[in-house]
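Read through the structure below, which is laid out as structure tokens, and then see the notes.
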2 protein chains.
Amino acid sequence: MAVLEDEGYRATAPRRAIINILAEKQEGFTAEEIGNELPAVGRATIFRTIKLLLKAGVICRLNLMDGAPKYSLSSVEHHHHTVCVRCGNVGEFRAATVERLMRGLSDDIPGNIVGHRLELYIVCDRCTGNPDD
Amino acid sequence: MAVLEDEGYRATAPRRAIINILAEKQEGFTAEEIGNELPAVGRATIFRTIKLLLKAGVICRLNLMDGAPKYSLSSVEHHHHTVCVRCGNVGEFRAATVERLMRGLSDDIPGNIVGHRLELYIVCDRCTGNPDD
DNA sequence: GCTACAAACGATATTCAGTATCAATAACCG
DNA sequence: CGGTTATTGATACTGAATATCGTTTGTAGC
Ligand SMILES: [Mn+2]
Ligand SMILES: [Mn+2]
Ligand SMILES: [Zn+2]
Ligand SMILES: [Zn+2]
């Protein structure tokens, strides 16, 4: 909520409603899910707010294996995601080794690395237990 | 072209036309570009063929920084991509260190890793020279 | 080379995510 | 409070991708 003030955005009712919902979400979420939970809020505003929170760094975007976009709260500055290919649950992880690797890679890559994206596709423990569904 | 036979697909004129175009492409390409170069081929067939070639492993999909899909010939089995955030040019690279890292990561990650996606966003050498455009 | 049959096609309609427009509304500052 | 201006929601629109379906075309078997 402080995000809005910090960036000079107005603390409107729709924005606060969206932020409240996100605050409780453990798993990743889609724009549609948010919209479904807030029928009173216009579709455009959902997308506008998502974009705003992305820019502010409150949430981050990731891609499912098929490229479909999904979002998750960014609890930490820079991190990567695990996505269960069965149930779609999203996890976050940081690993110093990943970042170290990126720095090492810059020697082998032409041009200047300005960012990266790493997604791990997994079958989560819960889904390993239940072969179906 | 052998791909089609190998997988039991018919070697139709549209498919051959698409494959011929791809064979000459150095950079990554979008579905639209292919469609533009082959006005005679129906849009649906472009997408159907892309999907087919993805499954066959002839091309691979990558995501631009904003999530937009792009494709590139997969010259090698498993690899990753660099995307210039200025001009959009796509490069491929392999690095044993990346794959080694993934194996190492599996200890820290809950669940079974079944795949990963790594994209490096860069400013390519050509774009570093030309600050504008 | 035919023929029959299934695979694949293209046109079309449709879905779905995301964006532009714009008049109406509501934050915020004084 | 009241004025200014950011923000909203309805609506229309775009662009990517897919479903449908009658027609075409590859291909295996003769
Ligand atoms: Mn995250
Ligand atoms: Mn590739
Ligand atoms: Zn799972
Ligand atoms: Zn470039």
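Between the CG atom of A:Leu52 and the P atom of D:dA6 there is a distance of 14 Å, given to the nearest Å. One interatomic measurement links the two molecules: CZ of A:Phe47 to P of C:dC16, which rounds to 13 Å at whole-angstrom precision. In this structure, A:Leu4 atom CG and D:dT7 atom C1' are separated by 12 Å, rounded to whole Å. Atoms CZ (A:Arg61) and C1' (C:dG18) sit 10 Å apart, rounded to a whole Å. Atom CD of B:Glu7 and atom C1' of D:dG26 are 18 Å apart (whole Å). With rounding to whole Å, B:Ile50 atom CD1 is found 13 Å from C:dC9 atom P. Rounded to whole angstrom, the span from the CD1 atom of B:Ile46 across to the P atom of C:dG10 amounts to 8 Å. The distance between atom CD1 of B:Ile19 and atom C1' of C:dA8, rounded to the nearest whole Å, is 14 Å.
The listed nucleotides are D:dG9, C:dG18, D:dA19; the one nearest the side chain of A:Thr45 is D:dG9. The listed nucleotides are D:dA19, D:dG9, C:dT19; the one nearest the side chain of B:Ala44 is D:dA19.
Proximity of B:Lys51 to the phosphate of D:dT18: a side-chain N or O atom is located under 4.0 Å from OP1 or OP2.
Contact of B:Arg43 with C:dA11 (side chain to base): no donor-acceptor pair of N or O atoms is detected under 3.5 Å.
The residue A:Arg48 sits close to a base: some heavy atom pair falls under 4.0 Å. As judged by a 4.0 angstrom heavy-atom cut-off over every strand, B:Arg15 is placed among residues touching the sugar-phosphate backbone only. Note on A:Ala68: nothing from the nucleic acid sits closer than 4.0 angstrom, heavy atoms only.
Salt bridge status for A:Glu119 with A:Lys70: absent, with no side-chain N to carboxylate O gap under 4.0 Å.
Put simply, the side chain of B:Glu7 does not reach to within 4.5 Å of the side chain of B:Leu52, judged on heavy atoms. Using a 4.5 Å heavy-atom cutoff, the side chains of B:Ile21 and B:Glu33 are not in contact. Between A:Arg86 and A:Arg126, every side-chain heavy-atom pair lies at or beyond the 4.5 Å cut-off. Using a 4.5 Å heavy-atom threshold, the side chains of B:Ile113 and A:Ile122 count as touching. Contact of the A:Cys60 side chain with the A:His79 side chain is registered, since non-hydrogen atoms from C-beta on lie closer than 4.5 Å. The side-chain heavy atoms of B:Leu53 and B:Tyr71, taken from C-beta on, include no pair separated by under 4.5 Å. Contact check for A:Tyr9 versus A:Lys55: side-chain heavy atoms found under the 4.5 Å cut-off.
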A:Arg43 and A:Glu32: CA distance, side-chain angles, deciding distance, salt bridge (charged side-chain N to carboxylate O under 4.0 Å, His left out) verdict: CA-CA 9 Å; A:Arg43 257 176 63 78; A:Glu32 265 50 47; 3.1 Å; yes
Could you pull out the protein-nucleic contacts involving nucleotides 27-30 of chain D (nitrogen or oxygen on both sides, under 3.5 Å)?
{"from": "D:dT27", "atom 1": "OP1", "to": "B:Ala11", "atom 2": "N", "distance (Å)": "2.9"}

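A:Arg15 places no side-chain N or O within donor-acceptor distance of the main-chain N or O of A:Thr49, the cut-off being under 3.5 Å.
Two end axes, each from the C1' atoms of five base pairs, can be drawn for the helix from C:dG1-D:dC30 to C:dG30-D:dC1; they diverge by 50°, to 10 degrees.
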